[in-house]
Amino acid sequence: MTTEHVEDLNKLMIQRRQKIEEMQKMNIKPYGKKYKTSHHTADIVENFADLEGEQVSLMGRIMALRTHGKASFADLMDMKGRIQLYVKVDMVGEEKYNFFNTLDIGDIIGVSGIVFKTRSGQISIRVEDFRFMSKSLRPLPEKWHGLKDKETRYRQRYVDLIVNPEVKNTFELRSKIIREIRRFLEDRGFLEVETPMMHPIPGGTSARPFITHHNTLDMDLYMRIAPELYLKRLIVGGFEKVFELNRNFRNEGMSYKHNPEFTMMEVYQANADYYDMMELMEEMVAHVAENTLGSTKINYQGKDIDLTPPWRRLTMVEAVKEYTGIDFNQIESDREAVEAARSIGLEVPSNTSKGRVLNNIFEEKVEGNLIQPTFIMNYPIEISPLAAKMEEDPMFTYRFEAFINGWEMCNAFTELIDPIDQKERFEEQVRQRAAGDEEAHMMDEDFVRALEYGIPPTVGLGVGIDRLVMILTDSPSIRDVILFPTMRPEQ
RNA sequence: GUCCCGUUAGCUCAGUGGUAGAGCAUUUGACUUUUAAUCAAAGGGUCAUGCGUUCGAGUCGCAUACGGGACACCA
């Protein structure tokens, strides 16, 4: 700690640094070694009947200190909760007792003592001995109002976690949700795999990528926007059921439901179709809700949502008809479609194709209404370059998305497995890219080559994990379910 | 990218163009079952940053930074 730095510190921080000097005079180490513990706080509270009168030892952070002359109370917090400490001068001796009263909120100590209940019924530890373990040099936010400032909460998540217990709950729940997804898929014979995060050609979806550079190879690489094309290569290779649950990176706008890096789960299954995947999706979400929240009936920001399968299924054409009255089965030409869109107040360029118009109307007029889980099926081919064409109507694909609370929660389709068709669709994307569409797909020759070896009929599903966690943890912003959300640097 | 809002003590927040406020936290004292402990006293501020308007700016204006919200972009 340099002196010029100390000058910047506020009074509270100077006081705490001075306490370190006083501790050193007393031969107490401000930063010590591990302390042998027998329990966590919550274990004692939960098993009080068995532990009353027993000796226990704990490690934790002082969160409150109430001195009463010759006896003091403190609240000790660890990863499982809090417990009250009761320290008496005649138990620990005058010197230790006086030192205890100089502890700061935030300091970390090890204690051992006897479990008992105070007169007012509070389960506590009568401290027989304690050891200082680590000094806290910065004051924590206030005990009652906690830390509210969102900027500080996101930038200094460690403080948020210390003082806002519900934040810890959210992230524990997130961990359980991800664990249950893995368990669900593994129980059904899916193999978890890891494919590259740095791609020479970013593919698998429409999105702008982040670009990075490899020095030794002297080449640019792209942070992946989706694992899709690599997972399908694995289906070519003979893995019939695979999934990957990890980060994707998209260089796009940020919002309460978009973070530049986010967690995606993609599943691929050979010899299956999109009906199988709809079943898997609704069962998986129900399994996760049941095993983390204990119910498939949840409440998100005041809205009751019932995740119990089966979920409602509608084609995109049916959904648009239901919410706007426009029947795309009756629309023959692109021009008619554009006119229909304009008739309900949507601005659409004149040269827009029928399928894109349908999708625009869906996004503008339908999506937001789909609060209860709903599968929307059969997406237009123009916006689905990796999905299999429907035999019944080549304008559409065997693709579906699930919506909950008006948000897209997953995207899935029976995969295009015809390498010749795939190559043509890539070529069309390349033309659109040349025409200025930055998010059109790039040609991936190796992926086409893989398909040329032959791939069984396959279905794939991608689930936005952060949004699922938002719904299940009742979190209003994606930043509330990502420990360290992307932010500009301070200053 | 556009618009709106916010930034005052460690934290949570008041603040009407005229001496910078409260609660908690902190320091000192009292108190051996308190628990938002209590009681008594004290200290604590580059009002985000910069430039203006004004006799005088936390307050009015402009710009910048960071954050939040909405929209746009976007699966």
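Keep in mind it's a predicted model, so treat the numbers as computed, not measured. Only heavy atoms go into these numbers, but all of them, side chains included; no hydrogens, no water, no symmetry mates. Quick note on labels: first sequence line is chain A, next is B, and so on, each numbered from 1.
For A/Trp144, counting side-chain heavy atoms from C-beta on, the closest listed nucleotide (B/rA36, B/rA70, B/rG67) is B/rA36. Side chain of A/Phe73, nearest nucleotide from B/rU32, B/rG68, B/rU33: B/rU33. Here the side chain of A/Lys150 is nearest to one of B/rU27, B/rU32, B/rG68, namely B/rG68. Side chain of A/Lys70, nearest nucleotide from B/rG68, B/rU32, B/rA37: B/rU32. Of the candidate nucleotides B/rG69, B/rU12, B/rG67, B/rG69 has the atom nearest to the side chain of A/Ser477. Side-chain proximity of A/Gln84 to the nucleotides B/rC74, B/rU32, B/rU34 is greatest for B/rU34. Comparing atom distances between the A/Ile105 side chain and each of B/rU34, B/rU26, B/rU12 picks out B/rU26 as nearest.
Side chain to side chain, A/Tyr379 and A/Glu401 meet the donor-acceptor criterion of an N or O pair below 3.5 Å. No donor-acceptor contact under 3.5 angstrom links the side chains of A/Glu22 and A/Gln18, judged on distance only. Side-chain polar atoms of A/Asp43 and A/Asn47 form no donor-acceptor pair below 3.5 angstrom. Residues A/Asn248 and A/Glu261 have side chains that never bring a donor and an acceptor to within less than 3.5 angstrom of each other.
Taking 3.5 Å as the limit, the base of B/rC74 and the side chain of A/His258 contain a donor-acceptor pair of atoms between them. The base of B/rU33 does not come close enough to the side chain of A/Ser120 for any donor and acceptor atom to sit less than 3.5 Å apart. Residue-to-nucleotide contacts include no donor-acceptor pair under 3.5 Å from the side chain of A/Gln122 to the base of B/rU33. Checked by distance alone, A/Arg119 brings no side-chain donor or acceptor within 3.5 Å of a matching partner on the base of B/rU33. Checked by distance alone, A/Glu142 brings a side-chain donor or acceptor within 3.5 Å of a matching partner on the base of B/rG23.
Nucleotide B/rC62 is matched to B/rG50 when pairs are restricted to Watson-Crick or G-U wobble geometry with both distances under 3.5 angstrom. Under the Watson-Crick or G-U wobble criterion, with both distances below 3.5 Å, B/rU38 is paired with B/rA30. Of all nucleotides present, none satisfies the Watson-Crick or G-U wobble test against B/rA20 with each distance under 3.5 Å. Taking a pair to require two hydrogen-bonding distances under 3.5 Å in either a Watson-Crick or a G-U wobble arrangement, B/rA70 pairs with B/rU2.
With P as the reference atom, B/rA22 and B/rA65 are 35 Å apart, rounded to whole Å. Taking atom C1' in both B/rG1 and B/rC13, the straight-line distance is 34 Å, to the nearest Å. Spacing of P atoms, B/rA36 relative to B/rC24, comes out at 13 Å, to the nearest Å. B/rU53 and B/rA57 are spaced 10 Å apart, taking the C1' atom of each and rounding to whole Å. Only the C1' atoms considered, B/rG50 is 28 Å distant from B/rU12, to the nearest whole Å. Comparing B/rA9 with B/rG44, their C1' atoms are spaced 6 Å from each other, to the whole Å. B/rC11 and B/rU49 have their P atoms separated by 15 Å, with the value rounded to a whole Å. Spacing between B/rG56 and B/rC73 at atom P, rounded to whole Å, works out to 49 Å.
B/rA22 atom C1' lies 11 Å from atom NE2 of A/His145, rounded to whole Å. In this structure, A/Asp437 places its CG atom 13 Å from P of B/rC73, rounding to the nearest Å. We find that CG of A/Leu140 is positioned 11 Å from P of B/rU26, with the value rounded to whole Å.
The side chain of A/Arg488 places an N or O atom within less than 4.0 Å of a non-bridging phosphate oxygen (OP1 or OP2) of B/rC66. Side-chain nitrogen and oxygen atoms of A/Arg479 include at least one within less than 4.0 Å of the OP1 or OP2 phosphate oxygen of B/rG68. Of the side-chain N and O atoms in A/Arg66, one or more sit less than 4.0 angstrom from OP1 or OP2 of B/rA37. Considering only side-chain N and O atoms, A/Lys148 lies nowhere under 4.0 angstrom from the phosphate OP1 or OP2 of B/rG67. Of the side-chain N and O atoms in A/Lys143, none sit less than 4.0 angstrom from OP1 or OP2 of B/rU26.
For the pair A/Arg174 and A/Phe171, the cation-pi criterion (under 6.0 Å, within 45° of the ring axis) is not fulfilled. A cation-pi contact, defined as under 6.0 Å to the ring centre and within 45° of the axis, links A/Lys96 to A/Phe130.
Heavy atoms of A/Tyr97 sit nowhere under 4.0 angstrom from any nucleic acid atom. Residue contacts for A/Lys257: at a heavy-atom cut-off of 4.0 Å it reaches no nucleic acid atom on any strand shown. In this structure, A/Tyr379 reaches the bases: a heavy-atom distance under 4.0 Å links it to at least one base atom across the strands shown. Backbone-only contact: A/Glu439 has heavy atoms under 4.0 Å from sugar-phosphate atoms and none from a base. Residue A/Thr152 is out of contact with every strand shown, counting any heavy-atom pair closer than 4.0 Å.
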For nucleotides 43-49 of chain B, list the nitrogen or oxygen atoms of the protein found under 3.5 Å from its nitrogen or oxygen atoms, one pair per line.
from   : atom 1 : to      : atom 2 : distance (Å)
B/rG43 : O2'    : A/Lys11 : NZ     : 2.7

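A 4.5 Å side-chain heavy-atom check between A/Arg82 and A/Leu76 finds every atom pair outside the cut-off.
A salt bridge does not link A/Asp107 with A/Lys19: none of the charged nitrogens is closer than 4.0 Å to a carboxylate oxygen. A salt bridge is defined here as a Lys NZ or Arg NE, NH1 or NH2 lying under 4.0 Å from an Asp or Glu carboxylate O, and A/Arg356 with A/Glu382 fails to meet this definition.
If you run salt bridge (charged side-chain N to carboxylate O under 4.0 Å, His left out) between A/Asp75 and each of A/Lys143, A/Arg66, A/Arg61, only A/Arg66 comes through.
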